[in-house]
**Q** 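This structure is in structure tokens; I'll ask about it shortly.
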2 protein chains.
Amino acid sequence: MWHGAASDCGLLEKAELFRGVPSGALAEIQASSFRRHLCADEALVRQGDPAETLHIVLSGRLRVTQTTPEGHQIIIRYLGPEETVGCTTLSGGAYYPGTVTAVDDGKLLGWNATAIRQVMVTYPQVAMNAVAILGTRYVEMQTRLRERATQNVERRIAHTVLRLTRQAGRRTTRGIEIAFPLSRQDLAEMAGTTLHTVSRTLSGWESRGIVDSGRRLVVVCKPDILSSIANTPS
Amino acid sequence: MWHGAASDCGLLEKAELFRGVPSGALAEIQASSFRRHLCADEALVRQGDPAETLHIVLSGRLRVTQTTPEGHQIIIRYLGPEETVGCTTLSGGAYYPGTVTAVDDGKLLGWNATAIRQVMVTYPQVAMNAVAILGTRYVEMQTRLRERATQNVERRIAHTVLRLTRQAGRRTTRGIEIAFPLSRQDLAEMAGTTLHTVSRTLSGWESRGIVDSGRRLVVVCKPDILSSIANTPS
DNA sequence: CGGCTACTTGACCAGATTCAACTCTTGTGG
DNA sequence: CCACAAGAGTTGAATCTGGTCAAGTAGCCG
């Protein structure tokens, strides 16, 4: 669907950062960009490095993580095609707050900090889009923080899985499948729990026929029941 | 210090949203604004209402909260002078994700959605500032989420208190005092715990001479020891 | 003084983490 | 092609942090 669909012109027009920008401008913007290929498990930016580039995803999927000094890791989010990587560069932060790693092989388009900031000043629509992107992510984080503070593990895992189906769900005969490799550990780092608890919870759901999961795979068979779990007060 | 210092001209020049904007532009921007007074405990915007206005704080302090359908509340942040209220309006969200209430009496300047979006398009610096503000808050939320996921209660409370001293700390003879009324419940809603646990924790610190707290009051006597608590792996 | 709100503290309990042992997949190299 | 190592997942048992319940004290305002 996404893969290979991007011809050489029109790479930018669908990107969330460049929506609504006139195509003449897009050509000029693209002229200042560079291409980047990324293999699975390769890091694009590292936590703590100076924030010097911004990328948009053309194909593939990336994972954004943060690691504490003690070595605990959490997953901030996954990014797919059309999305923006390295927002810190947009907002003028000095260092990347997290690490971005490829989950699949993928292609990206990149700009350095000064180039993209110049683009924002020249084309206000890009700046407006940037505001919208960051605003959305900010609210998303608020929601997750609230979930973490007020819900028990099962509900949080349910929410996490549902969010992922919305973001990267693929219809199959068995149900909605999360379209990239996702381990118990990954889910745990998103929901703020341990892989053991995730495993137990998925096992429970599996015995009730709500999900069908395997090695690095989750398929939601009964999304409605999962939503009701996600929304039932503990 | 802040109170009353703002004369009629130059209200905007210090606001985080309008930094670096030429003063001619500021006058024009201010012309499209309206004033608003707010009494303690009065709500400025309500969670779920259409996002129609943006404000900046001239004086006083505000609290941003989110409430779940079940009635659990969390505190997203406190806002003081120069800060921006209702960022959702900037980023084009349809509804306010949280409720903003006055902690003290205060004065604000407001714009409606179309006016402020027009300002951003006309003066790219404002849009750039908006990107910076949202970027900072986004990273802040990431940090809190990570804390919530990886640290025990005591560390989280310590971090919360330290953040508040940085944001609204006032030097006194006893130590650094948080300069607005702050109950155990408030701290609990920020650190993601219960007022009981906050109370117990503060009692413990008090007996060690680290803090000195009373009814809706927290004074940090030994900030260095508190930092070490905040940064010691559990 | 009485009523209200904020705060404190003890006892108990439970959800979730930790520890530990084991199984199932998958991929690799002899 | 099979063996085996490494990675991923499962599950039971013990433990414990922090929440819940309950009862009481202290400060504030009309």
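The analysis underlying the following values was restricted to heavy atoms, covering all of them including side chains, and did not include hydrogens, waters or symmetry mates. Here is the naming used below: chain letters follow the sequence lines, and residue numbers restart at 1 for every chain.
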**Q** For B:L182 and C:dC7, give me the distance from atom CG to atom C1', rounded to whole Å.
**A** 13 Å
**Q** Would you tabulate the pairs of protein nitrogen or oxygen atoms and nucleotide nitrogen or oxygen atoms of nucleotides 16-23 of chain C closer than 3.5 angstrom?
**A**
{"from": "C:dA16", "atom 1": "OP1", "to": "A:V153", "atom 2": "N", "distance (Å)": "2.8"}
{"from": "C:dT17", "atom 1": "OP1", "to": "A:T193", "atom 2": "OG1", "distance (Å)": "3.1"}
{"from": "C:dT17", "atom 1": "OP2", "to": "A:T193", "atom 2": "OG1", "distance (Å)": "2.7"}
{"from": "C:dT17", "atom 1": "OP2", "to": "A:T197", "atom 2": "OG1", "distance (Å)": "2.5"}
{"from": "C:dT18", "atom 1": "O4", "to": "A:R200", "atom 2": "NH2", "distance (Å)": "2.8"}

**Q** Charged N to carboxylate O below 4.0 Å: is that the case for A:R61 and A:D104?
**A**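 Judged by the 4.0 Å cut-off on N to carboxylate O distance, A:R61 and A:D104 do not form a salt bridge.
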**Q** Could you give the side-chain donor-acceptor pairs of residues 45-52 of chain B under 3.5 Å, partners two or more places apart or in another chain?
**A**
{"from": "B:Q47", "atom 1": "OE1", "to": "B:T67", "atom 2": "N", "distance (Å)": "2.9"}
{"from": "B:Q47", "atom 1": "NE2", "to": "B:T67", "atom 2": "O", "distance (Å)": "3.0"}

**Q** Does any donor atom in the side chain of B:T143 or B:Y138 lie under 3.5 Å from an acceptor atom in the other side chain?
**A**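 No, because no side-chain N or O of B:T143 sits under 3.5 Å from a partner of the opposite role on B:Y138.
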**Q** Considering only residues two or more places apart or on different chains, which pairs with a residue in residues 178-190 of chain A satisfy side-chain hydrogen bond (donor to acceptor under 3.5 Å, both in side chains)?
**A** A:R63-A:D186, A:S183-A:D186, A:R184-A:S213, A:Q185-A:E189
**Q** Under the ring pair (Phe, Tyr, Trp, His ring centres under 6.0 Å) rule, what pairs show up with a residue in residues 204-234 of chain A, not counting sequence neighbours?
**A** none
**Q** Do the side-chain N and O atoms of A:Q66 and B:Q142 include a donor-acceptor pair separated by under 3.5 angstrom?
**A** yes
**Q** Under a plain distance cut-off of 3.5 Å, with no hydrogens placed, do B:E42 and B:T101 share a side-chain donor-acceptor pair?
**A**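 Result is no, nothing qualifies.
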**Q** Under 4.0 Å from a heavy atom of chain A: give me the 5'-most and 3'-most nucleotides of DNA chain D that qualify.
**A**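 Endpoints of the contacted stretch of DNA chain D: D:dG7 to D:dA13.
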**Q** Run through A:H159, A:R146, A:R156 and flag the one making a side chain to side chain donor-acceptor pair (under 3.5 Å) with A:Q151.
**A** A:H159
**Q** Decide yes or no for B:K107 and B:L38: does some side-chain heavy atom of the first lie under 4.5 Å from some side-chain heavy atom of the second?
**A** no
**Q** Can you spot which of A:L108, A:L12, A:L11 makes a side-chain contact (heavy atoms from CB on, under 4.5 Å) with A:I56?
**A** A:L12
**Q** Between protein and nucleotides 3-5 of chain C, what N or O pairs are separated by less than 3.5 Å?
**A**
{"from": "C:dT5", "atom 1": "O2", "to": "B:R215", "atom 2": "NH1", "distance (Å)": "3.3"}
{"from": "C:dT5", "atom 1": "O2", "to": "B:R215", "atom 2": "NH2", "distance (Å)": "3.2"}

**Q** Between atom CG in A:L217 and atom P in C:dC24, what is the gap in whole Å?
**A** 19 Å
